[in-house]
Amino acid sequence: MDKVEIKIDGATLSLVRGDITDESTDAIVNAANSRLAGGGGVDGAIHRAGGPEIMKECRAIGGCPTGSAVITSGGRLKARHVIHAVGPVYRDGGHGEAELLAGAYKRSLELATENGLKSIAFPSISTGAYGYPVEDASRIALGTVMDFLKKHSGIKLVRFVLFSEKDFNAYRTALEELTSTAASR
Ligand code: ADP
């Protein structure tokens with residue numbers, strides 16, 4: 001089964017397999033680099049599908065620190081906004097990677113809330129070219145989102161759009177672990 005869904009305080013958290021550029025959520029999140037300069041992976045796919053307007057806005061913003069995020073329009077995408085989140089390059093786990101990864105997710109959710117957005121789709125930030133082990137990254141990603149949804153009420157849908165079966169399975173396992181620990185507390 002390629003879809004998993006849970007409810008958290010009236011909001012939906014779902015995991016699906018797919019291509020994030022097809023999403024029609026209010027915002028899709030890009031796994032950007034700190035210069036907002038464009039690259040391969042999901043970043044390349046988003047700029048290709050969204051057209052040059054998104055890069056024009058990125059150039060005007062200029063950059064974004066690792067562990068944070070900025071927002072632009074969605075250009076020609078179905079999503080009205082792109083939130084460009086900058087995750088860490090994974091070295092050995094001892095260089096603040098976990099905090100920086102959590103920060104990229106948290107700031108994206110804050111930007112969505114500040115802009116009155118109700119739905120947001122995330123890719124698996126940092127687990128491609130940036131080399132973050134997906135088993136660890138998925139726990140941090142889901143834990144940060146679940147924590148945010150418990151504390152804030154604006155966002156009604158958070159969807160993780162996982163490109164590969166391996167990523168999808170890692171996120172599904174992490175979600176099962178996180179929900180079973182929450183239930184047994
Ligand atoms: P990073 O540099 O943050 O690691 P990448 O783009 O290299 O970013 O990879 C992040 C994740 O995005 C990887 O799991 C990759 O498989 C995934 N990905 C690549 N293209 C897409 C897409 N079109 N939609 C969703 N996820 C994608």
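As a basis for the values below, the full set of heavy atoms in this structure was taken, side chains included, without hydrogen atoms, waters or symmetry mates. Predicted model only: the values in this text are computed from it and were never measured.
- Among residues two or more places apart in sequence or in another chain, the salt bridge (Lys or Arg N to Asp or Glu O under 4.0 Å) test is passed with K151 by D147.
- Heavy atoms only, all atoms of each residue included: V29 and I20 are closest at O-CD1, 3.8 Å.
- Within the 4.5 Å cutoff, side-chain heavy atoms of V134 are placed close to those of K166.
- Among residues two or more places apart in sequence or in another chain, the side-chain hydrogen bond (donor to acceptor under 3.5 Å, both in side chains) test is passed with E165 by none.
- Both L117 and F160 are assigned to one and the same hydrophobic cluster, defined by single-linkage of ILVMFWY side chains at heavy-atom distances under 4.5 Å.
- Interatomic distance, OG1 of T173 versus CZ of F168, reported as 9.5 Å (0.5 Å rounding).
- The OG atom of S24 sits 7.0 Å away from atom CZ of R159, with the distance rounded to the nearest 0.5 Å.
- Using a 4.5 Å heavy-atom cutoff, the side chains of V158 and I8 are not in contact.
- For the side-chain hydrogen bond (donor to acceptor under 3.5 Å, both in side chains) test, residues two or more places apart in sequence or in another chain that qualify with S124 are T127, Y171.
- Using a 4.5 Å heavy-atom cutoff, the side chains of D92 and H95 are in contact.
- A salt bridge is absent between K106 and E99: the closest approach of a Lys/Arg side-chain nitrogen to an acidic carboxylate oxygen does not fall below 4.0 angstrom.
- Annotation: salt bridge (Lys or Arg N to Asp or Glu O under 4.0 Å) contacts of D19 (sequence neighbours excluded): none.
- Under the 3.5 Å distance criterion, the side-chain polar atoms of K118 are left unmatched by any main-chain donor or acceptor of L157.
- Proximity of a side-chain donor or acceptor of D26 to a complementary backbone N or O of I120 within less than 3.5 Å is not detected.
- E5 meets the side chain to side chain contact (heavy atoms under 4.5 Å, CB included) test with K3, T12, S14; sequence neighbours excluded.
- Under a hydrophobic clustering in which Ile, Leu, Val, Met, Phe, Trp and Tyr are joined whenever their side-chain heavy atoms come within less than 4.5 Å, directly or via other members, M55 and I71 fall into different clusters.
- In this structure, L36 belongs to a hydrophobic cluster whose other members, linked by side-chain heavy atoms under 4.5 Å apart, are I61, V70.
- Judged as a side-chain hydrogen bond (donor to acceptor under 3.5 Å, both in side chains), and not counting sequence neighbours, D9 has no contacts.
- Through chains of ILVMFWY side-chain contacts below 4.5 Å, Y130 is grouped with V89.
- Scanning all heavy atoms of the two residues, the minimum distance from M146 to L175 falls at SD-CD1, 4.1 Å.
- For the pair L142 and L13, the minimum side-chain heavy-atom distance is below 4.5 Å.
- T25 approaches I28 most closely through the heavy-atom pair OG1-CG2, 3.7 Å.
- With contacts defined as side-chain heavy-atom distances shorter than 4.5 Å, the pair I125/Y132 does not qualify.
- Hydrophobic cluster membership differs between V86 and L111, with clusters built from Ile, Leu, Val, Met, Phe, Trp and Tyr side chains linked at under 4.5 angstrom.
- Taking both residues in full, the closest heavy atoms of G18 and F163 are given as O-CD1, 3.4 Å, listed atom of the first, atom of the second, then distance.
- Taken from OG1 in T144 to CZ in R107, the straight-line distance is 14.5 Å, to the nearest 0.5 Å.
- Within the structure, side-chain hydrogen bond (donor to acceptor under 3.5 Å, both in side chains) pairs that include any residue of residues 49-62 comprise E57-S73 (at least two apart or interchain).
- For the atom pair CZ of R172 and CG of D167, the computed distance is 12.5 Å after rounding to the nearest 0.5 Å.
- Between S108 atom OG and I155 atom CD1 the span is 9.5 Å, to the nearest 0.5 Å.
- Y90 has its side chain within reach of P133: a pair of non-hydrogen atoms, C-beta onward, lies under 4.5 Å apart.
- Here the closest non-hydrogen pair linking I54 and H47 is CG2-CE1, 3.6 Å.
- Hydrophobic clustering of Ile, Leu, Val, Met, Phe, Trp and Tyr side chains at less than 4.5 Å, counting indirect connections, unites V42 with L77.
- Residues meeting the side chain to side chain contact (heavy atoms under 4.5 Å, CB included) test with S153, sequence neighbours left out: none.
- Contact of the V161 side chain with the P123 side chain is not registered, since no non-hydrogen atoms from C-beta on lie closer than 4.5 Å.
- By the side-chain hydrogen bond (donor to acceptor under 3.5 Å, both in side chains) test, N115 pairs with no residue at all, sequence neighbours left out.
- Here the straight-line distance linking atom CG of L178 with atom CD1 of I6 works out to 8.5 Å at 0.5 Å rounding.
- Within the structure, side-chain hydrogen bond (donor to acceptor under 3.5 Å, both in side chains) contacts touching residues 27-41 (residues at least two apart or in different chains) are N30-D43, N30-H84.
- The two residues A141 and Y105 have their closest heavy-atom pair at CB-CZ, 3.4 Å.
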